[in-house]
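These numbers come from the heavy atoms of this one structure, side chains and all, not from hydrogens, waters or symmetry mates. Counting starts at 1 for both ligands and their atoms, in listed order.
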Amino acid sequence: MSEKEISIGLFGFGCVGQGLYDVLNQSQSLKANIEKICVKDSSKKRKIAMSYFTYEREDILRRNNLDVIVELIDDAAEAFKIVSAALNNGLNVVSANKKMLAENFEELYRLQIKNNAALIYEGSAGGSIPIIRNLEEYYDNELLSSFRGILNGTCNYILSRMELESKGYQEILSDAQSNGFAESNPWLDVAAYDTLYKTILLTVHSFGVVLKPEMVLNLGIQNITFDDIVYAREKGLRIKLLGMGYKSNGGFHVYVMPHFVEKTDELYNVIYEYNGVEVEGAFSCKQTFVGKGAGSHPTGSAVLSDISALTYNYKYAYKKLKKRINGSDQIAGGHLLDNDFSIRVYIRFKDKAELKGIEIISIEEEYRSSHTNYIVARVNLRSLFMLKGNKESKVFVCAMESIRES
Ligand SMILES: NC(=O)c1ccc[n+]([C@@H]2O[C@H](COP(=O)([O-])OP(=O)(O)OC[C@H]3O[C@@H](n4cnc5c(N)ncnc54)[C@H](OP(=O)(O)O)[C@@H]3O)[C@@H](O)[C@H]2O)c1
């Protein structure tokens with residue numbers, strides 16, 4: 001692709017799709033035209049001419065005049081069908097669908113190689129923060145040792161408001177839902193699945209390691225109470241939901257959980273809907289990227305940047321992944337993930353029976369009162385998997401330390 005106008009086939013015209021439409025219209029430098037938009041609901045009113053829209057994915061996939069497919073729908077299974085079909089047609093694809101990417105990464109990688117087509121997805125992690133291309137290109141050597149990030153704007157918004165307004169979780173969540181900062185079904189955000197998918201993508205581009213969502217621990221903020229905020233505040237700390245990945249003994253630790261962070265931590269002041277990612281290299285030391293992690297225009301602008309990158313034939317080179325697999329077909333990297341290690345955590349619970357199954361190595365602090373109990377203990381991370389996605393459990397776990405202290 002060169003100076004000619006780029007023809008785009010767009011899937012989805014919701015929050016991000018409309019954001020892309022707006023930023024594209026205001027872009028001076030990129031000559032691009034949305035040819036057709038595939039959406040789901042034919043009864044919905046649209047803010048642009050109805051002639052743009054179709055309800056059949058083949059109406060777009062069968063066209064032979066398109067340069068790029070942009071996939072911005074909220075259905076991961078359908079998105080995978082669209083993206084696979086487009087890559088198999090030899091088309092370059094831009095997506096922001098972290099769930100679809102994380103769940104199907106290996107297959108999507110193979111399709112890119114087989115069809116010599118690009119799939120790029122800057123908007124899928126960190127919203128407007130240009131983190132994926134930076135990890136892929138700038139930190140392209142073996143010296144990157146860790147990343148840790150606030151990757152979900154909804155959780156960070158809830159945690160910030162709970163702390164800054166001294167209010168309970170349910171009150172802030174309901175308010176966030178009514179003013180559009182949280183989904184009506186917030187489970188994927190608050191139970192840290194959204195952060196999990198993004199963490200999996202950052203792990204690929206940081207270390208060349210491909211993991212499946214079920215292999216990686218994700219604990220969310222759904223059970224947090226104001227007592228936990230008070231505990232943090234009394235110690236001069238803030239609670240942040242962090243996705244992290246770091247090297248350890250030839251393998252990798254990758255997990256998602258709430259963390260207490262100190263005032264001196266760059267991520268302490270990343271509040272409300274902002275995201276922040278800190279990367280650390282052997283010689284570059286710590287560097288932090290901060291920006292809007294979601295939203296119509298911020299995410300639309302990340303998608304626009306990907307479309308623009310395709311005009312100079314950009315694709316992820318996956319240098320770290322290719323180096324790791326060294327010409328073999330062994331793309332999956334689960335054998336490099338180490339979940340069997342001890343971690344210092346705060347666990348708040350009602351009844352000690354709720355802790356059954358958690359491998360507690362040592363307890364350094366124990367508090368009991370009529371309405372709240374907690375321990376600060378060293379536990380085996382693998383044993384915390386019993387809490388992953390567990391809707392029955394009311395236990396709240398928060399890491400006492402992140403890699404900066406260990
Ligand atoms: N919102 C954000 O800030 C943000 C940030 C980063 C990444 N993302 C990702 O971007 C993607 C889109 O998110 P969004 O917030 O824009 O979602 P959204 O506002 O819910 O819009 C979803 C769009 O997808 C369309 N759609 C759903 N199923 C479809 C199907 N089977 N065929 C064709 N179209 C279909 C919907 O059609 P109708 O209009 O007919 O309902 C709608 O236009 C998701 O993968 C999300 O994770 C979002």
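A salt bridge does not link Lys235 with Glu262: every distance from a Lys NZ or Arg NE/NH1/NH2 to an Asp or Glu carboxylate oxygen is 4.0 Å or more.
Remark: Lys320 fails to qualify as a cation-pi partner of Tyr318 under the 6.0 Å distance and 45° angle criteria applied to the six-membered ring. Figure legend: cation-pi geometry between Arg46 and Phe53, with NZ or CZ positioned under 6.0 Å from the six-membered ring centre and within 45° of its axis.
A tilted orientation is assigned to the rings of Tyr157 and Tyr272, their planes being inclined by 30° to 60°.
A side-chain donor-acceptor contact under 3.5 Å links Asn380 and Asp340.
Contact check for Val397 versus Met257: side-chain heavy atoms found under the 4.5 Å cut-off.
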For ligand 1, output the ligand-protein N/O contacts shorter than 3.5 angstrom; if there are none, return none.
residue  : atom   : partner : partner atom : Å
ligand 1 : 3 (O)  : Gly295  : N            : 2.6
ligand 1 : 16 (O) : Cys15   : N            : 3.1
ligand 1 : 16 (O) : Val16   : N            : 2.8
ligand 1 : 19 (O) : Cys15   : N            : 2.8
ligand 1 : 20 (O) : Asp74   : OD2          : 3.3
ligand 1 : 37 (O) : Lys40   : N            : 3.3
ligand 1 : 39 (O) : Lys44   : NZ           : 3.2
ligand 1 : 39 (O) : Arg46   : NH1          : 2.7
ligand 1 : 39 (O) : Arg46   : NH2          : 3.4
ligand 1 : 40 (O) : Lys40   : N            : 3.0
ligand 1 : 40 (O) : Asp41   : N            : 2.6
ligand 1 : 40 (O) : Arg46   : NH2          : 2.8
ligand 1 : 41 (O) : Lys44   : NZ           : 2.6
ligand 1 : 43 (O) : Phe13   : N            : 2.8
ligand 1 : 43 (O) : Gly14   : N            : 3.2
ligand 1 : 45 (O) : Ile73   : O            : 3.1
ligand 1 : 45 (O) : Asn97   : ND2          : 3.4
ligand 1 : 47 (O) : Lys98   : NZ           : 3.2

